[in-house]
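Reading through the structure tokens given below for one structure.
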Amino acid sequence: MNGERILTEATRALRAHTDAGWIALRDDVVAAAVRAFRPAAPVRGHLPGGELWVTSTVLVGQVRAALDGFPDAAALRITCTTTPDGDLDRLTVEVVALYGTALVPLATRIRLAAADAVAATLGTAEPPVARVHVDVSVGDVTDDPSDL
């Protein structure tokens with residue numbers, strides 16, 4: 001069967017197809033498309049002369065860069081949520097930790113580094129540790145430092 005004949009048969013089959021299937025699926029297709037396109041949320045920062053807006057993607061990138069130097073952990077996933085006014089509400093950092101690392105001190109170091117990165121990115125004078133919740137979870141453990 002040549003390509004033109006296959007195309008002709010496919011076109012005929014599509015023309016014979018009713019819209020009933022599309023009507024049943026269209027809400028699912030539209031919902032999947034909306035979920036697939038997820039623009040970054042704006043996050044409000046503060047400058048001496050006014051407000052500063054940064055996308056959550058930039059903020060997450062800055063936090064990830066701040067955590068890149070850790071010899072005993074690496075970020076797997078970083079997410080942030082904002083208040084309805086655009087203020088940063090919560091930062092969640094999931095890491096892979098090197099086997100044998102004391103996890104509580106590691107989480108403390110990650111929280112501080114993340115808060116420092118947030119402060120530098122959003123223009124706040126001090127790290128917002130008390131205002132912004134930084135949740136740290138260990139998603140994986142490895143015994144190979146090259147995995148970090």
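Note that the coordinates shown come from a computational prediction; the quantities given were computed from them, not determined experimentally.
Here the CD1-CD1 distance, from Ile78 to Ile110, works out to 9.0 Å after rounding to the nearest 0.5 Å. Remark: Thr92 OG1 to Asp135 CG distance equals 4.5 Å, nearest 0.5 Å. Note that CG of Asp87 and OG1 of Thr81 are 11.5 Å apart. Values are rounded to the nearest 0.5 Å. Distance check, rounded to the nearest 0.5 Å: CH2 of Trp53 to CG of Leu122 gives 10.5 Å.
With respect to Val63, the side chain to side chain contact (heavy atoms under 4.5 Å, CB included) criterion is satisfied by exactly one of Leu91, Thr121, Asp68, Asp116: Leu91. If you run side chain to side chain contact (heavy atoms under 4.5 Å, CB included) between Val96 and each of Asp72, Leu76, Val138, only Leu76 comes through.
Inter-residue side-chain proximity for Val136 and Val134 is flagged as met; some heavy-atom pair is nearer than 4.5 Å. A heavy-atom distance below 4.5 Å is not found between the side chains of Phe70 and Leu148.
When atom types are taken as modelled, the side chain of Arg77 and the backbone of Glu94 share no donor-acceptor pair closer than 3.5 angstrom. With hydrogens and angles disregarded, no donor-acceptor distance shorter than 3.5 Å links the side chain of Ser56 to the backbone of Cys80. At least one donor-acceptor pair closer than 3.5 Å links the side chain of Arg44 to the backbone N or O of Asp85.
For the pair Leu98 and Val141, the tightest heavy-atom approach, listed with the atom from each and the gap, is C-CG1, 4.4 Å. Listed here is the closest heavy atom pair of Ala40 and Thr57: CB-OG1, 3.0 Å. When all heavy atoms are compared, the tightest approach of Ala66 to Ala117 is CB-CB, 3.8 Å.
Under a hydrophobic clustering in which Ile, Leu, Val, Met, Phe, Trp and Tyr are joined whenever their side-chain heavy atoms come within less than 4.5 Å, directly or via other members, Leu103 and Leu67 fall into the same cluster.
Side chains of Asp144 and Ser146: a donor on one and an acceptor on the other come within 3.5 Å.
Around atom CZ of Arg109, more than 12 heavy atoms belonging to other residues, nucleotides or ligands sit under 6.0 Å away.
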